[in-house]
Amino acid sequence: MSNIILPLRDEFVLPTNGEVGATEAHGSPCVYLCGNSLGAMSQKSKQLVQEELDVWGTRSVVAHFSHPHGRPWVSYTDNITPLLSEIVGAEEKEVACMSTLTANLHLMMDSFYKPTSERYKILCEAKAFPSDQYAFASQVRARGLDPTRAIIEITPREGEYTLRTEDILDTIEKEGDTIALVLFSGIQYYTGQLFAMEIITRKAKEKGCICGWDLAHAIGNVPLSLHGWDVDFAVWCTYKYLNSGPGGIAGLFVHQKWHEIEKPKFTGWWGHELATRFEMPPTFTPTPGAQGYQQSNPSVIAMAALLGSLQVFKQAGMMGPLRERSLVLTNTLEQHLLRSKYFIPLAGSQEKRGFTIITPSESKERGAQLSLLFLPVGSGLMRKIFDTLVSFGVIGDEREPDVIRLAPIPLYTTLEDCEKAAEFLEKAFEVVT
Ligand SMILES: *Cc1c(COP(=O)(O)O)cnc(C)c1O
């Protein structure tokens with residue numbers, strides 16, 4: 001248990017009950033279980049953002065090259081890519097800190113989705129995050145294809161909520177010759193299911209498909225090994241588990257094996273090699289690797305917020321120890337919830353009033369999130385429970401119509417938070433019933 005590091009809670013600023021609109025105990029910190037949607041603010045982020053604001057005021061444009069803290073803006077990403085590449089299991093040249101998630105998804109699909117008359121389909125999970133669904137459909141249409149034919153969505157079996165790895169592998173086996181791109185989320189945002197990324201990637205490669213991942217809910221949540229797994233490309237945001245703040249800067253991964261073959265397609269000056277970027281040459285020479293995909297100069301304020309949090313990850317020993325602590329926290333929350341009088345097993349009566357857990361019960365098939373489905377579905381119970389939880393100072397994340405997601409975050413959630421969340425859920429049922 002020695003690796004079960006204590007939470008670095010003091011490194012974070014968490015809202016109080018009063019600040020989130022709870023009705024009691026205004027001064028105490030709320031039970032924040034929503035870091036899968038928006039991570040908490042680290043003290044370091046606050047400090048680094050403040051420093052950059054001060055530098056903007058005292059040095060302004062000069063700070064691009066001469067910076068009082070040794071972080072010149074022109075190469076600010078150099079502070080970030082070593083930490084990011086460690087978190088996703090990649091070489092530094094394979095990682096770029098840039099832009100936003102959906103924009104990066106489009107960029108990667110523009111480069112890596114190359115349908116032919118035989119091989120043109122995209123394989124993904126049903127009910128992917130809407131932005132991904134819109135991106136897939138629009139990329140398909142942009143190539144003159146019909147999304148209803150070109151997009152294959154895998155759905156859970158009758159009566160189940162999550163996908164079986166065997167069903168994903170079977171589909172790739174059967175339809176692989178017509179699939180151009182296998183593109184799943186690493187962790188499904190709604191159910192919290194962690195997909196078998198290594199196995200799925202291997203199968204996709206075996207059938208000659210390109211394999212990309214949307215890591216929005218996986219990065220900073222579970223250990224990743226993108227290079228070793230031979231993933232072709234990946235994209236992510238950083239405001240969820242990586243705590244970079246609302247709308248924070250995103251990132252992408254392009255495997256080294258592509259660097260000589262696949263050059264950036266929609267280019268901008270920030271992807272031009274640094275040595276001659278400011279000579280403003282008329283033709284584009286890409287920075288080798290993923291960083292050649294950069295288009296614009298990135299927001300230093302956004303990067304400072306991300307850097308602060310990544311430094312706390314480093315202090316915590318990165319994903320190994322954090323995953324260990326995360327398993328303990330999520331298992332503990334689950335144990336508390338399973339003891340509730342209102343808990344209904346997945347196979348139990350769906351007509352009863354209560355809740356079930358649709359996230360896989362196996363630790364290796366989930367990250368830090370449990371998705372609670374309130375029953376009977378469509379009864380409006382979720383909304384009432386959610387509002388009551390907020391009034392008690394428990395901040396989860398509601399997904400209409402019937403789900404509340406609870407995410408204990410190893411950097412700042414305590415075992416006591418897990419216990420309190422379960423107790424308040426019980427109380428909430430009593431209040432609304
Ligand atoms: C959070 C999330 C997004 C959000 O996209 P933005 O471009 O950052 O607004 C997209 N896809 C998935 C899978 C997500 O979880």
Side-chain angles (χ1 to χ4, degrees), residues 88-89 112-113 118-129 132-133 136 147-219 221-234 255 323 326-327 330-331 334 338 344-348 350 356-373 403 405:
V88 299
F112 288 98
Y113 175 48
E118 295 84 44
R119 195 188 273 280
Y120 60 93
K121 293 179 187 163
I122 297 174
L123 179 71
C124 59
E125 82 258 25
K127 299 193 181 156
F129 193 93
D132 301 50
Q133 293 186 48
F136 300 164
T148 59
R149 285 193 57 233
I151 299 177
I152 322 176
E153 296 183 345
I154 307 193
T155 38
R157 293 186 188 184
E158 182 75 35
E160 296 182 6
Y161 291 93
T162 51
L163 296 177
R164 298 194 190 192
T165 304
E166 60 192 284
D167 290 354
I168 300 173
L169 299 180
D170 281 353
T171 310
I172 300 176
E173 177 60 35
K174 285 200 200 96
E175 309 216 30
D177 296 338
T178 63
I179 297 172
L181 180 59
V182 173
L183 183 41
F184 281 73
S185 54
I187 291 184
Q188 222 287 337
Y189 82 101
Y190 192 80
T191 64
Q193 178 177 19
L194 166 58
F195 291 115
M197 285 186 261
E198 182 174 12
I199 297 169
I200 295 168
T201 303
R202 193 183 308 134
K203 185 77 195 171
K205 310 269 77 187
E206 235 174 76
K207 295 297 278 184
C209 318
I210 294 280
C211 188
W213 291 95
D214 182 332
L215 302 175
H217 282 264
I219 191 167
N221 181 4
V222 291
L224 299 165
S225 190
L226 300 182
H227 180 90
W229 295 340
D230 200 25
V231 166
D232 292 299
F233 70 86
H255 198 284
R323 173 63 168 166
S326 176
L327 290 171
T330 305
N331 290 341
E334 184 184 41
L338 294 181
I344 301 167
L346 257 187
Q350 309 275 298
T356 192
I357 301 176
I358 60 172
T359 305
S361 52
E362 284 280 338
S363 293
K364 66 176 196 309
E365 292 174 24
R366 67 189 187 197
Q369 167 186 328
L370 295 177
S371 300
L372 280 49
L373 176 73
V403 164
R405 307 181 299 176

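Sequential numbering from 1 along the given sequence is applied to the chain's residues.
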Original post:
What distance separates I344 CD1 from Q350 CD, expressed to the nearest 0.5 Å?
Top reply: 7.5 Å

Side-chain donor-acceptor pairs under 3.5 Å in residues 357-365, sequence neighbours left out?
unit_1: T359; atom_1: OG1; unit_2: T191; atom_2: O; d: 2.7
unit_1: T359; atom_1: OG1; unit_2: S371; atom_2: N; d: 2.7
unit_1: S363; atom_1: OG; unit_2: N331; atom_2: OD1; d: 3.3

Original post:
Would you find a donor on one side and an acceptor on the other, under 3.5 Å apart, between the side chain of R119 and the backbone of G176?
Top reply: yes

Subject >> Test item: Q193 side-chain N/O and L163 main-chain N/O as donor-acceptor pair under 3.5 Å >> reply: yes

Original post:
How long is the gap from CG on L224 to CZ on R323, to the nearest 0.5 Å?
Top reply: 10.0 Å

Original post:
Is a side-chain N or O of H227 found less than 3.5 angstrom from the main chain of H255, in a donor-acceptor match?
Top reply: no

Original post:
CD1 of I199 to CE of M197: how many Å apart, nearest 0.5 Å?
Top reply: 11.0 Å

**OP:** Nearest 0.5 Å please: distance from the OG1 atom of T171 over to the CD1 atom of I152.
**Re:** 7.5 Å

Original post:
After noting the C-alpha distance and the side-chain angles of S225 and E198, does the key distance pass the side chain to side chain donor-acceptor pair (under 3.5 Å) rule?
Top reply: CA-CA 8 Å; S225 190; E198 182 174 12; over 6 Å; no

Subject >> Rounded distance (nearest 0.5 Å) linking atom CD1 of I168 with atom CG of L123 >> reply: 8.0 Å

Subject >> Heavy-atom check, side chain of H217 versus side chain of S185, under 4.5 Å >> reply: no

Subject >> Minimum heavy-atom distance between Y190 and Q369, given as atom pair plus value >> reply: O-NE2, 3.6 Å

Subject >> Nearest heavy-atom neighbours spanning P156 and E160 >> reply: CB-O, 3.3 Å

**OP:** With sequence neighbours excluded, tell me which residues meet salt bridge (charged side-chain N to carboxylate O under 4.0 Å, His left out) with E173.
**Re:** K203, K207

**OP:** Over 60° means perpendicular and under 30° means parallel, so classify the ring planes of F233 and F112, tilted if in between.
**Re:** parallel

**OP:** Starting at CD1 of I187, measure out to CD1 of I219 and round the result to the nearest 0.5 Å.
**Re:** 11.5 Å

Subject >> Closest contact, heavy atoms only, A368 versus N221 >> reply: N-OD1, 3.1 Å

Original post:
At their closest point, which heavy atom of C124 faces which heavy atom of L183, and how far apart are they?
Top reply: CB-O, 3.3 Å

Subject >> Working for side chain to side chain contact (heavy atoms under 4.5 Å, CB included), residues C211 and D232 >> reply: CA-CA 6 Å; C211 188; D232 292 299; 4.1 Å; yes

Original post:
So L338 and E334, side chain to side chain contact (heavy atoms under 4.5 Å, CB included) or not? Walk me through it.
Top reply: CA-CA 6 Å; L338 294 181; E334 184 184 41; 4.1 Å; yes

**OP:** Specify the closest pair of heavy atoms between T201 and W229, including all atoms of both residues, with the distance to one decimal.
**Re:** CG2-O, 3.3 Å

Original post:
Heavy-atom count around R149 CZ within 6.0 Å, excluding the residue itself: above 12?
Top reply: no

Original post:
Is it the case that Q188 and T162 place a side-chain donor and acceptor less than 3.5 Å from each other?
Top reply: no

Original post:
Of the non-hydrogen atoms in Y113 and A150, which two are nearest, and what is the gap between them?
Top reply: OH-CB, 4.3 Å

**OP:** Decide, yes or no, whether a salt bridge links D167 with R157 under the criterion of side-chain N to carboxylate O below 4.0 Å.
**Re:** yes

Subject >> Partner of F129 by ring pair (Phe, Tyr, Trp, His ring centres under 6.0 Å), out of Y189, F136, F184 >> reply: Y189

